[in-house]
**Q** 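Below is one structure. I have some questions about it.
Computed from a predicted structure; not experimentally measured.
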2 protein chains.
Amino acid sequence: MSDDDSLKVALTPSMEAYILHWGEMGPQWGVNRTVAQIHALLWIWSEALDADTIAATLGVARSNVSNSLRELRDWGLVKPANALGRRKELFTADKDPWEVFLQVLRERRKREIEPTLKALRGFVAMAEKEKSPEAVGAKKRMLELSELMEQLCAIHDTASALPPALLRKALKGGKLLSIFKS
Amino acid sequence: MSDDDSLKVALTPSMEAYILHWGEMGPQWGVNRTVAQIHALLWIWSEALDADTIAATLGVARSNVSNSLRELRDWGLVKPANALGRRKELFTADKDPWEVFLQVLRERRKREIEPTLKALRGFVAMAEKEKSPEAVGAKKRMLELSELMEQLCAIHDTASALPPALLRKALKGGKLLSIFKS
DNA sequence: CTGAATTTTCAGTAGCGACAGAAAAATGCA
DNA sequence: TGCATTTTTCTGTCGCTACTGAAAATTCAG
């Protein structure tokens with residue numbers, strides 16, 4: 001706590017606890033601690049914050065904040081808020097949990113699922129030339145896996161084509177669940 | 001490739017490519033490269049393999065395989081196959097992509113979602129005592145987030161209560177998608 | 001019970017990513 | 001256009017995790 005306290009934002013205990021917890025979760029979701037903490041801070045704090053304030057509040061280097069903010073922008077989770085009359089840039093995060101969730105889903109699909117699916121199809125093509133029994137079984141499995149991924153993508157496509165409000169309502173109301181039971 | 005080649009299993013090019021790719025994906029899903037590679041190998045290979053063979057095939061230390069296999073057993077992704085008359089233990093992975101996917105879902109829920117949900121409820125309780133406008137907004141958001149997680153858990157519960165075959169059929173047939181459109 | 005085969009644990013190492021701090025670049029007001 | 005403010009890039013360090021190889025423990029045949 002040797003930082004410039006004058007910039008710090010006054011976190012309540014619950015906010016601090018939340019930010020710390022989120023920071024621990026981050027690594028398991030493919031972003032590092034600082035990135036996750038910054039997102040947590042911007043998500044929980046109503047007003048937009050500038051980079052220096054974030055750095056002071058979280059007790060990390062200014063440069064670290066700069067890099068982390070870029071990553072969050074690449075993820076589509078943080079956007080610049082225009083600073084009326086302010087010199088410093090301000091940043092905010094979308095506050096709607098569903099939007100955040102769906103955005104992470106979109107991004108992970110783009111970054112991981114799609115490339116893997118493409119690679120998988122390549123492997124299947126490669127396996128066409130391989131005639132051993134082992135190779136035949138492997139090819140079959142790789143094909144099944146790619147089909148699974150395609151199905152998941154199709155579900156995602158349909159769901160994300162809907163107006164968000166409708167999607168949320170459908171899931172909340174348990175209407176979705178009924179389909180499984182019929 | 002200075003290992004004992006005599007134990008190695010003969011991977012086709014497509015298998016090798018698949019294992020390498022999976023190894024790269026692993027870290028983004030919360031397991032390290034070796035763990036992911038071993039799972040890929042056991043998944044793609046029809047017969048059960050012993051630890052030494054795995055080590056030789058992947059070119060990693062025997063002890064590394066031992067630890068990784070334990071982790072995979074903890075994830076419920078690999079199980080010992082009884083070695084009829086063999087001294088060495090053999091291991092296999094479930095070959096069904098859907099089963100693997102659902103198992104990962106189950107496990108991640110148990111390890112990450114549930115504890116976070118519990119923590120979140122604690123934070124909300126903590127926030128009850130905090131009366132500033134900022135704290136009120138934060139509490140509201142944390143509550144919304146916990147509700148989102150509860151809904152996702154409910155969907156997961158319903159889906160996993162079904163016989164697997166039925167679930168797969170529902171998803172494949174696109175029946176699921178229709179609910180969104182109505 | 002003894003000793004070989006096998007697995008697990010342990011301690012040390014190496015490599016990689018996160019991070020801080022300094023230097024460079026960019027921005028925008030006078 | 002010059003200068004102060006702010007942001008980004010760059011370089012080096014630190015810490016952590018994955019990994020190896022060796023030692024310890026376990027298992028099992030004879």
Side-chain angles (χ1 to χ4, degrees), chain A residues 1-4 6-7 20 22-42 48-75 78-91, chain B residues 1-4 6-7 19-20 22-41 48-75 78-91:
Chain A
M1 294 287 162
S2 58
D3 308 296
D4 182 0
S6 66
L7 286 171
L20 289 173
W22 218 243
E24 303 307 316
M25 299 298 298
Q28 293 195 298
W29 286 88
V31 300
N32 65 40
R33 195 171 54 91
T34 307
V35 170
Q37 283 187 351
I38 292 177
H39 181 254
L41 173 59
L42 291 177
L49 299 173
D50 66 83
D52 285 303
T53 303
I54 296 170
T57 305
L58 297 180
V60 297
R62 177 52 232 264
S63 58
N64 193 359
V65 173
S66 183
N67 291 326
S68 301
L69 280 173
R70 169 164 26 172
E71 187 166 346
L72 284 168
R73 262 178 287 146
D74 291 344
W75 274 91
V78 158
K79 61 180 179 187
N82 50 355
L84 289 150
R86 297 272 269 103
R87 180 74 176 271
K88 291 184 180 178
E89 297 192 71
L90 298 177
F91 299 90
Chain B
M1 294 285 165
S2 57
D3 307 295
D4 182 0
S6 66
L7 286 172
I19 291 168
L20 289 174
W22 218 242
E24 303 306 316
M25 300 299 299
Q28 293 195 299
W29 286 88
V31 300
N32 65 41
R33 195 171 53 91
T34 306
V35 170
Q37 284 186 351
I38 292 177
H39 181 253
L41 173 59
L49 300 174
D50 66 84
D52 285 304
T53 302
I54 296 170
T57 305
L58 298 180
V60 298
R62 177 52 233 263
S63 57
N64 194 359
V65 173
S66 182
N67 291 325
S68 300
L69 281 173
R70 170 168 22 181
E71 187 167 347
L72 284 168
R73 261 179 289 148
D74 291 344
W75 274 90
V78 157
K79 60 180 180 187
N82 50 354
L84 290 149
R86 296 270 270 104
R87 179 74 176 271
K88 293 184 180 178
E89 296 193 71
L90 299 176
F91 299 90

**Q** What pairs with B:Asp74 under salt bridge (Lys or Arg N to Asp or Glu O under 4.0 Å), at least two apart in sequence or on another chain?
**A** none

**Q** Round to the nearest Å and state the distance from A:Ile54 atom CD1 to D:dT6 atom P.
**A** 15 Å

**Q** Considering residues, nucleotides and ligands other than A:Lys88, do more than 12 of their heavy atoms fall under 6.0 Å from its NZ?
**A** yes

**Q** What pairs with B:Trp22 under ring-ring contact (aromatic ring centres under 6.0 Å, His included), at least two apart in sequence or on another chain?
**A** B:Tyr18

**Q** Round to the nearest Å and state the distance from A:Ile38 atom CD1 to D:dT7 atom P.
**A** 13 Å

**Q** Over how many whole Å does the gap from A:Glu71 atom CD to D:dT8 atom C1' extend?
**A** 16 Å

**Q** Generate the contact string for nucleotides 17-30 of chain C. Rules: B means base contact, S means sugar-phosphate contact only, - means no protein heavy atom under 4.0 Å.
**A** -SSBBB----BS--

**Q** Can you tell me how far P of D:dT5 sits from CG of A:Leu7, to the nearest Å?
**A** 14 Å

**Q** Rounding to an integer number of Å, can you tell me how far A:Leu69 CG sits from D:dT9 P?
**A** 13 Å

**Q** If I take atom CZ in residue A:Phe91 and atom C1' in nucleotide D:dT8, what distance separates them, rounded to the nearest angstrom?
**A** 11 Å

**Q** Could you tell me how far apart B:Leu49 (CG) and C:dT7 (P) are, to the nearest whole angstrom?
**A** 13 Å

**Q** With A:Arg62, which residues qualify under salt bridge (Lys or Arg N to Asp or Glu O under 4.0 Å), at least two apart?
**A** A:Asp52

**Q** Would you say a side-chain N or O of B:Arg70 is under 4.0 Å from OP1 or OP2 of C:dT9?
**A** yes

**Q** Residues in side chain to side chain donor-acceptor pair (under 3.5 Å) with B:Thr53, at least two apart?
**A** B:Asp50

**Q** Run the side-chain donor-acceptor check on residues 33-41 of chain A: report pairs under 3.5 Å with partners two or more places apart or on a different chain.
**A**
from	atom 1	to	atom 2	distance (Å)
A:Thr34	OG1	A:Asn64	ND2	3.4

